[in-house]
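To keep things clear, I will list the structure first and then write my remarks on it.
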Amino acid sequence: MRMMSAVAVLAALTTLSALALDGDSDQPVRLDADYIEIDFNTGERLYRGNVVLRQGSIRIDCDEMRTHYTDDDELDSAVCTGNPGIFRQQPEGEGGEMIGSAMTITYDRKKEMVTLTEEAKVVRGRTTVDGHLITYDLETEKSVVQSVRAVSSQESSQAGGASADSEAEVSPRPSIVIQPRVDPDD
């Protein structure tokens, strides 16, 4: 049964794989916000209020974003927090826009990775994938979806013993919903 669910997850993730528009990574990065704080010594910048990052077909909207830059003043990474934050990318070909949402979105520009954490969801066409953690490789077009078991501090302090007082939280297992095709003749 577990093997079948893993196969179903991988099959659906193949549906979510998307080719970025050629040249997204070669496009300039534009950041807009209501408030921007810049530390030229560390290369860190803080953006608050209606934050929007754009690079080619990539767009990230959130409440707050921290960015780090290289010594050459190139964007290295951006960590977005929102209620939730939204990641969008227009892939080439059919399938429509890929839209992801999560409480935290990390865009690692150097590694070309997007990580959606906590209440993560990705929608593309008729397919919806959700879980605690979704990573998406912009270069290889692969996604990984996982749940994470959070262990209470009391449980982790016990050396291998279970306690009736400890309550471990288990986030929902990853799930995929593929909507049926709608025949316009029906």
Side-chain angles (χ1 to χ4, degrees), residues 9-10 12-125 127-148 171 174:
V9 167
L10 291 173
L13 288 178
T14 302
T15 305
L16 285 177
S17 294
L19 291 170
L21 288 177
D22 287 336
D24 268 354
S25 61
D26 297 329
Q27 298 298 314
V29 176
R30 179 184 172 116
L31 279 149
D32 298 303
D34 296 336
Y35 170 87
I36 302 173
E37 185 177 306
I38 302 170
D39 185 336
F40 289 106
N41 293 321
T42 65
E44 184 174 301
R45 299 176 189 168
L46 172 66
Y47 303 83
R48 285 193 182 130
N50 301 308
V51 182
V52 179
L53 177 148
R54 292 181 190 92
Q55 183 180 22
S57 72
I58 295 170
R59 179 181 169 130
I60 301 174
D61 295 81
C62 59
D63 298 330
E64 181 175 294
M65 182 180 291
R66 289 189 183 276
T67 59
H68 298 275
Y69 290 79
T70 65
D71 292 338
D72 297 334
D73 205 31
E74 292 282 327
L75 179 66
D76 183 40
S77 64
V79 178
C80 162
T81 53
N83 198 17
I86 306 293
F87 168 81
R88 297 174 181 271
Q89 183 181 35
Q90 179 60 54
E92 283 190 7
E94 296 180 23
E97 186 175 40
M98 176 181 281
I99 302 171
S101 64
M103 299 309 286
T104 303
I105 299 173
T106 303
Y107 174 40
D108 187 326
R109 186 167 178 243
K110 278 188 166 182
K111 293 180 182 176
E112 294 192 48
M113 294 289 293
V114 175
T115 304
L116 300 111
T117 310
E118 193 176 347
E119 300 177 30
K121 179 188 284 189
V122 174
V123 177
R124 180 154 186 249
T127 304
T128 301
V129 177
D130 60 9
H132 179 77
L133 177 70
I134 300 173
T135 56
Y136 178 66
D137 187 318
L138 297 166
E139 186 177 358
T140 65
E141 308 160 26
K142 293 183 181 178
S143 294
V144 175
V145 182
Q146 43 186 308
S147 64
V148 176
S171 63

Sub-4.5 Å side-chain heavy-atom contact between [X] and [Y]:
X      : Y      : answer
His132 : Thr117 : yes
His68  : Leu75  : no
Thr115 : Ile105 : no
Thr81  : Asp63  : no
Ile58  : Leu138 : yes
Met65  : Val79  : no

Roughly how far, to the nearest 0.5 Å, is the [atom2] atom of [Y] from the [atom1] atom of [X]?
X      : Y      : atom1 : atom2 : result
Tyr69  : Thr42  : OH    : OG1   : 11.5 Å
Tyr47  : Ile36  : OH    : CD1   : 5.5 Å
Leu116 : Leu133 : CG    : CG    : 8.5 Å
Ser101 : Lys121 : OG    : NZ    : 6.0 Å
Arg48  : Glu64  : CZ    : CD    : 4.5 Å
Arg30  : Gln55  : CZ    : CD    : 14.0 Å

For [X], side-chain hydrogen bond (donor to acceptor under 3.5 Å, both in side chains) partners two or more places apart:
X     : answer
Asn83 : none
Glu44 : Arg66
Glu37 : Tyr35

> Which pair of non-hydrogen atoms, one from Gly85 and one from Cys62, has the smallest distance, and what is that distance?
Replying inline: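 Smallest interatomic distance, heavy atoms only, reads CA-CB, 4.2 Å.
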> Taking Glu119 for the side chain and Ala102 for the main chain, is one N or O donor matched with an acceptor at less than 3.5 Å?
Replying inline: no
> When you look at Thr67 and Leu31, which way does the side chain to side chain contact (heavy atoms under 4.5 Å, CB included) test go after all the steps?
Replying inline: CA-CA 10 Å; Thr67 59; Leu31 279 149; 4.1 Å; yes
> So among Ile99, Val114, Leu53, Thr106, which one has a side-chain contact (heavy atoms from CB on, under 4.5 Å) with Phe87?
Replying inline: Val114
Counterpart residues, salt bridge (Lys or Arg N to Asp or Glu O under 4.0 Å), relative to [X] (two or more places apart):
X     : result
Asp73 : Arg45
Glu74 : Arg109
Asp61 : Arg59

>> Between Lys110 and Asp108, does any side-chain N to carboxylate O distance fall below 4.0 Å?
In response: no
> Looking at Lys111 and Asp137, does any basic side-chain N land under 4.0 Å from a carboxylate oxygen?
Replying inline: no
> Run the side chain to side chain contact (heavy atoms under 4.5 Å, CB included) check on Tyr136 and Val122 step by step: do they pass?
Replying inline: CA-CA 10 Å; Tyr136 178 66; Val122 174; over 6 Å; no
> Does CG in Asn50 sit with more than 12 non-hydrogen atoms of other residues, nucleotides or ligands closer than 6.0 Å?
Replying inline: no
